[in-house]
Amino acid sequence: MSRTNVSQYFGKGLSGEQFMEVMTKNQEAFRSWYDQFSWASEEDREFFESLNHRDDLRVLILAADWCGDVVRNVPVILRALEHSGVPTEILILENHEALMDDFLTMGGRSVPVVIVADSGGHVLGRWGPRPAHVQEVMVRFKSENTDREAADYQDKLMVARQEMKERYGEGTEIHGTIVQELRELLSGV
């Protein structure tokens, strides 16, 4: 990752509630996932609560209200981090394209991107744009379909998106996976 310091973005983002208020797309679905959140385990809740003793972490989340992965993942991330006391801000992709370009996924502007930094802005890690087992589908698709101009590219992309949707599942079971991946990231910083 090319950007090693993101301190200039501290204080430029929105709280989760502010983000929900300014959403022009998917607001109802986002709030629904937010309201449905519950801990998959007591250990996860205790881990995030234990972060209240740390004042050295900051989280920036690059997001866009039009993105389905933001709608599915960010509510869970926000709810988990609410228990942590870690200052968390959402930066809208379109307003922070330079930062987004430092956190591309496979060369593309995929959101959400969760950036964990220390209080000085040094990047310690990142998560996103989706849980690893869901992202595997896109990684495979991109490696097998390098020609975006191919006649069947869009059809194959639709198949990949459907498989990703199936891996997300219908209900809130994915929440535990997202929390676990975020916990693993934060455990290493």
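Computed over heavy atoms, backbone and side chain alike; hydrogens, waters and symmetry mates excluded. Sequential numbering from 1 along the given sequence is applied to the chain's residues.
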Trainee: Side-chain contact, heavy-atom cut-off 4.5 Å: I61 with E89?
Mentor: no

Trainee: With the side chain counted from C-beta on, respond yes when T172 and V76 share a heavy-atom pair under 4.5 Å apart, and no when they do not.
Mentor: no

Trainee: Does E166 have any salt bridge (charged side-chain N to carboxylate O under 4.0 Å, His left out) partners at least two apart in sequence or in another chain, and if so, which?
Mentor: none

Trainee: Report the residues that fulfil ring-ring contact (aromatic ring centres under 6.0 Å, His included) with F48, sequence neighbours left out, ordered by chain and then residue number.
Mentor: W39

Trainee: Taking the six-membered ring of Y34, is NZ or CZ of R79 closer than 6.0 Å to its centre and within 45° of its axis?
Mentor: yes

Trainee: Quick one: list whatever passes salt bridge (charged side-chain N to carboxylate O under 4.0 Å, His left out) with E163, sequence neighbours left out.
Mentor: R140, R167

Trainee: Looking just at side-chain N and O atoms, do T105 and R130 make a donor-acceptor pair shorter than 3.5 Å?
Mentor: no

Trainee: Applying salt bridge (charged side-chain N to carboxylate O under 4.0 Å, His left out), can you list everything that pairs with K156, at least two apart in sequence or on another chain?
Mentor: D152

Trainee: Can Q36 and S32 be counted as having a side-chain donor-acceptor contact under 3.5 angstrom?
Mentor: yes

Trainee: Any heavy-atom pair between the side chains of Y9 and I115 that's under 4.5 Å?
Mentor: no

Trainee: Whether the D44 and S41 side chains hold a donor-acceptor pair (N or O, under 3.5 Å, no angle test) is what I'd like checked.
Mentor: yes

Trainee: Only counting residues at least two apart or in another chain, list the ones meeting ring-ring contact (aromatic ring centres under 6.0 Å, His included) with F10.
Mentor: none

Trainee: Holding to salt bridge (charged side-chain N to carboxylate O under 4.0 Å, His left out), I want the full list of residues that pass it with D56, two or more places apart in sequence or in another chain.
Mentor: R54

Trainee: Kindly indicate whether the side chain of F47, heavy atoms from C-beta on, has any atom under 4.5 Å from the side chain of S187.
Mentor: yes

Trainee: Any non-hydrogen side-chain atom of P129 less than 4.5 Å from a side-chain atom of V111?
Mentor: no

Trainee: Between R58 and D118 (salt bridge meaning N to carboxylate O under 4.0 Å), is one present in this structure?
Mentor: no

Trainee: Report the relative orientation of the aromatic rings in H175 and F37; use parallel for angles under 30°, tilted for 30 to 60°, perpendicular for over 60°.
Mentor: parallel

Trainee: Check for me, please, whether V116 and L104 land in the same ILVMFWY cluster - side-chain distances under 4.5 Å, paths through other members count.
Mentor: no

Trainee: In the structure I gave you, are the side-chain heavy atoms of Q27 and T24 within less than 4.5 Å of one another anywhere?
Mentor: no

Trainee: Less than 4.5 Å apart, side chain to side chain, heavy atoms only: is that true for I178 and I77?
Mentor: yes

Trainee: Please report the C-alpha distance between F141 and Y153 in whole Å, then the side-chain angles of each, then the deciding distance to 0.1 Å, and finally whether the ring-ring contact (aromatic ring centres under 6.0 Å, His included) criterion is met.
Mentor: CA-CA 10 Å; F141 169 79; Y153 184 87; 5.2 Å; yes

Trainee: Could you state the interatomic distance from OG (S119) to CG (L57), rounded to the nearest 0.5 Å?
Mentor: 8.0 Å

Trainee: Taking atom types as modelled and ignoring hydrogens, do the side chains of D69 and S110 form a donor-acceptor contact shorter than 3.5 angstrom?
Mentor: no

Trainee: How many angstroms lie between CZ in R31 and CE in M20, if you round to the nearest 0.5 Å?
Mentor: 4.5 Å

Trainee: Check this for me: does any side-chain nitrogen of one of R109 and E97 sit under 4.0 Å from a carboxylate oxygen of the other?
Mentor: yes

Trainee: Under 6.0 Å from the CD atom of E144, do we count more than 12 heavy atoms belonging to anything else shown?
Mentor: yes

Trainee: Is L62 linked to V22 within one hydrophobic cluster, defined over Ile, Leu, Val, Met, Phe, Trp and Tyr using a side-chain heavy-atom separation of less than 4.5 Å?
Mentor: yes

